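Values in this document were obtained by computation on a predicted structure and should not be read as measured data.
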Amino acid sequence: MVTQKAAAGPLLPPIEPEVEVWASGVTYQRSREARVSESKSGDVYDYVYAADRPELFFKAMGFRVRGSGEQVRIRRDSRWTVPEPEVVLVLNALGEAVGYTAGNDMSARDIEGENPLYLPQAKVYEGACAIGSALCLGIPENLEIRMSITRKGKVVFIGETSTKAMRRSFAELSSWLFRELAFPRGVFLMTGTGIVPPDEFTLASGDHIRIQVGEVSLENEVE
């Protein structure tokens with residue numbers, strides 16, 4: 001395990017400023033159900049879940065990524081935002097997975113649900129991407145993923161899943177990402193979430209999010 005630390009305070013994310021973070025969508029049945037529930041065009045999520053081609057999208061440049069102990073944000077024009085705990089693959093320039101870390105793909109569910117074409121606005125904004133400050137070398141066959149959200153000292157949500165529940169393999173997602181793109185310095189790939197809070201839940205300022213992926217933890221407070 002490799003860890004980076006700031007001189008004091010929060011831990012730095014283990015990513016260089018110019019390295020990209022990409023993300024995958026609808027790779028778990030739970031995510032499929034949530035997208036269909038929130039969307040006015042739910043059939044597109046049913047289709048992409050079963051399609052050969054996965055949903056892949058740009059998430060952040062390294063300089064925008066928040067580390068453990070730093071704050072994540074809710075878009076000011078969103079009324080329904082949730083964290084999405086994910087396994088993040090660390091891919092080298094050849095597209096090979098050399099390790100993993102924990103990630104939080106913050107998502108404005110109301111914005112994406114209004115129109116799938118609003119996905120970049122729902123997913124890509126300041127404070128929308130956090131990555132654990134440790135890298136684990138190698139990829140276990142199965143990874144346990146857990147998330148808890150605490151509000152004013154009280155746990156308001158707990159969820160867990162594992163990569164056994166994924167519709168697609170890590171190798172499949174990596175292969176599609178590298179099909180028409182080159183990443184000379186490597187790339188980080190979020191692999192989708194299988195933990196989604198109920199529809200009546202939304203994050204609030206001051207909430208504390210704790211994500212555990214295998215051996216890596218990631219903790220962030222909501223700004």
Using modelled atom types only, decide if a donor and an acceptor are shared between the side chain of Gln121 and the backbone of Tyr118 within a distance under 3.5 Å.
no
Check whether Glu86 reaches the backbone of Gly192 with its side chain - one donor and one acceptor, N or O, closer than 3.5 Å.
yes
Are the side chains of Met106 and Asn104 in touch, meaning some heavy atoms are under 4.5 Å apart?
yes
Heavy-atom check, side chain of Ser205 versus side chain of Ile74, under 4.5 Å:
no
Should we count CG of Asp77 as having more than 12 external heavy atoms under 6.0 Å?
yes
How far apart are the C-alpha atoms of Glu172 and Arg167, what are their side-chain angles, what is the distance that settles it, and do they pass the salt bridge (charged side-chain N to carboxylate O under 4.0 Å, His left out) test?
CA-CA 10 Å; Glu172 178 184 0; Arg167 160 74 171 79; 5.1 Å; no
Are any side-chain N or O atoms of Arg168 and backbone N or O atoms of Thr27, one a donor and one an acceptor, separated by less than 3.5 Å?
no
Please answer whether the main-chain N or O of Val196 pairs with a side-chain N or O of Arg30 as donor and acceptor at a distance below 3.5 Å.
yes
Qualifying residue, where the test is side chain to side chain donor-acceptor pair (under 3.5 Å) with Arg109 and the options are Thr81, Thr202, Asp199:
Asp199
For Glu18, give me all partners under side-chain hydrogen bond (donor to acceptor under 3.5 Å, both in side chains), at least two apart in sequence or on another chain.
Arg185
Does Val222 offer a backbone N or O that forms a donor-acceptor pair with the side chain of Asp207 under 3.5 Å?
no
I'd like to check the ring-ring contact (aromatic ring centres under 6.0 Å, His included) partners of Phe178; sequence neighbours left out, ordered by chain and number.
Phe183
Do Ser68 side-chain atoms and Glu219 backbone N/O form a donor-acceptor pair below 3.5 Å?
yes
Donor-acceptor pair, Lys123 side chain versus Lys59 backbone, under 3.5 Å?
no
Backbone of Glu223 reached by a side-chain donor or acceptor of Glu221 within 3.5 Å:
no
When you look at CZ of Phe57, are more than 12 heavy atoms from neighbouring residues, nucleotides or ligands closer to it than 6.0 Å?
yes
Begin with the C-alpha distance, continue with both residues' side-chain angles, and end with the deciding distance and a verdict on side-chain hydrogen bond (donor to acceptor under 3.5 Å, both in side chains) for Arg210 and Gln212.
CA-CA 7 Å; Arg210 187 178 194 280; Gln212 185 76 31; 3.2 Å; yes
Backbone N/O of Val72 and side chain of Arg66: donor-acceptor pair under 3.5 Å
no
Common cluster, Phe58/Leu119, ILVMFWY with side-chain heavy-atom separation under 4.5 Å:
no
